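One structure is given here, and the rest of the page talks about it.
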2 protein chains.
Amino acid sequence: MTKSNRSELPPEPDFQLITTALGIVSGKWRLYIILLLGEKTLRYRQLSEMLPGVSEKVLASELKSLVALGVLERTAYAEIPPRVEYSLTKKGHLALPILRKIQEIGQIFN
Amino acid sequence: MTKSNRSELPPEPDFQLITTALGIVSGKWRLYIILLLGEKTLRYRQLSEMLPGVSEKVLASELKSLVALGVLERTAYAEIPPRVEYSLTKKGHLALPILRKIQEIGQIFN
DNA sequence: CGGTATCCTCACAGATACTG
DNA sequence: CAGTATCTGTGAGGATACCG
């Protein structure tokens with residue numbers, strides 16, 4: 001009774017949900033990558049240039065993980081030279097508003 | 001011009017904010033600890049029992065870090081046996097709604 | 001009760017060189 | 001251009017024993 005709770009979170013923290021969520025965002029570059037792709041689709045090289053300091057290996061493996069998690073979508077075009085674009089999936093877009101909000105936490109504690 | 005943007009986030013991701021935010025939540029038990037204390041003040045032993053699987057050392061060091069970051073408050077009572085209570089600071093309470101929302105990301109990707 | 005003090009280990013971030 | 005392959009180190013996280 002009381003009222004419907006169709007999309008509300010339980011009042012108590014849920015360890016499973018937290019673990020899943022942290023699996024998405026934890027990693028020095030992940031959140032940044034997702035937020036960049038939340039604005040527009042980008043090519044690998046563009047991402048690499050927008051993230052000075054990240055090594056090729058780390059960027060590639062983070063992208064691969066995020067694709068596997070269903071956050072990002074990878075589109076390869078059969079051209080020469082090769083072109084690969086990364087964008088958010090539907091789920092990624094669903095999560096985007098919350099992911100953006102995480103930056104507000106940074107504002108509070110800066 | 002346009003409209004006021006007193007508390008809005010910039011459209012582009014801010015690496016500094018993201019880094020600060022991740023420094024708060026990243027860590028296997030941190031978010032869980034914060035959300036538990038978001039509901040009520042708890043003693044060390046209570047936290048320890050609500051987090052089966054966390055070792056004494058890890059719990060103590062996570063609590064210490066969160067206190068240092070300004071998320072938690074530690075109150076020790078000069079009693080025997082000793083009593084120590086942990087609660088959210090003002091900043092912690094400010095961040096709480098966003099921190100709770102992070103669980104929704106888990107719902108999306110489960 | 002509320003922690004330290006030690007010791008361990010292994011996953012993962014990073015640098016660099018190379019390839020389809 | 002868009003990645004792999006390989007090697008390396010660092011530190012978060014953990015197990016256990018002990019202390020004020």
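As the structure is a computational prediction, the values presented were derived from the model and not from experiment.
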- Message: Any carboxylate oxygen within less than 4.0 angstrom of a Lys/Arg side-chain nitrogen, looking at B:Glu85 and B:Arg45?
- Response: no

Using whole Å, what does the distance between atom [atom2] of nucleotide [N] and atom [atom1] of [X] come to?
X: A:Tyr44; N: D:dT4; atom1: OH; atom2: P; result: 8 Å
X: A:Arg83; N: D:dG3; atom1: CZ; atom2: C1'; result: 17 Å
X: B:Leu42; N: C:dC1; atom1: CG; atom2: P; result: 15 Å
X: B:Ile80; N: D:dG20; atom1: CD1; atom2: C1'; result: 10 Å
X: B:Ile33; N: D:dG13; atom1: CD1; atom2: P; result: 10 Å
X: A:Arg74; N: D:dT4; atom1: CZ; atom2: C1'; result: 12 Å
X: A:Glu62; N: C:dG14; atom1: CD; atom2: C1'; result: 12 Å
X: A:Leu51; N: C:dG14; atom1: CG; atom2: P; result: 11 Å

- Message: Please tell me if B:Trp29 has a side-chain N or O lying less than 4.0 Å from either OP1 or OP2 of D:dA12.
- Response: no

- Message: OP1 or OP2 of D:dA2 versus the side-chain N and O atoms of A:Arg43: is any pair under 4.0 Å?
- Response: yes

Contact class for [X] vs. all strands (heavy atom < 4.0 Å): base, sugar-phosphate, or nothing?
X: B:Tyr77; answer: nothing
X: B:Glu85; answer: nothing
X: B:Val84; answer: sugar-phosphate

- Proximity to the side chain of A:Glu56 - top-ranked nucleotide from D:dT4, C:dG2, C:dT4: D:dT4

- Query: Nearest to the side chain of B:Ser55 - D:dT16, C:dC1, C:dG14?
  - Reply: D:dT16

- Between the side-chain atoms of B:Lys57 and the base atoms of D:dG13, is any donor-acceptor pair under 3.5 Å? yes

- Task: Measure distances between side-chain N and O atoms of B:Lys28 and base N and O atoms of D:dG13, and say whether any donor-acceptor pair falls under 3.5 Å.
- Result: no

Can you tell me if [X] uses its side chain to pair, donor with acceptor, with the backbone of [Y] under 3.5 Å?
X: B:Arg74; Y: B:Ser87; result: no
X: A:Glu104; Y: B:Ile98; result: no
X: B:Thr20; Y: B:Gln16; result: yes
X: A:Thr89; Y: A:Val71; result: yes
X: A:Ser26; Y: A:Gly23; result: no

- Item | Pairs flagged by ring-ring contact (aromatic ring centres under 6.0 Å, His included) wherever residues 27-53 of chain A is involved - sequence neighbours left out | A:Trp29-B:Phe15, A:Tyr32-B:Phe15

- Enter the inter-axis angle for the ends of the helix from C:dC1-D:dG20 to C:dG20-D:dC1 (five pairs per end, rounded to 10°). 60°

- Which atom pair, heavy atoms only, marks the closest approach of B:Ile34 to B:Leu96? O-CD1, 4.4 Å

- How do A:Tyr86 and B:Val58 order along DNA chain D: which one's closest nucleotide is nearer the 5' end? A:Tyr86

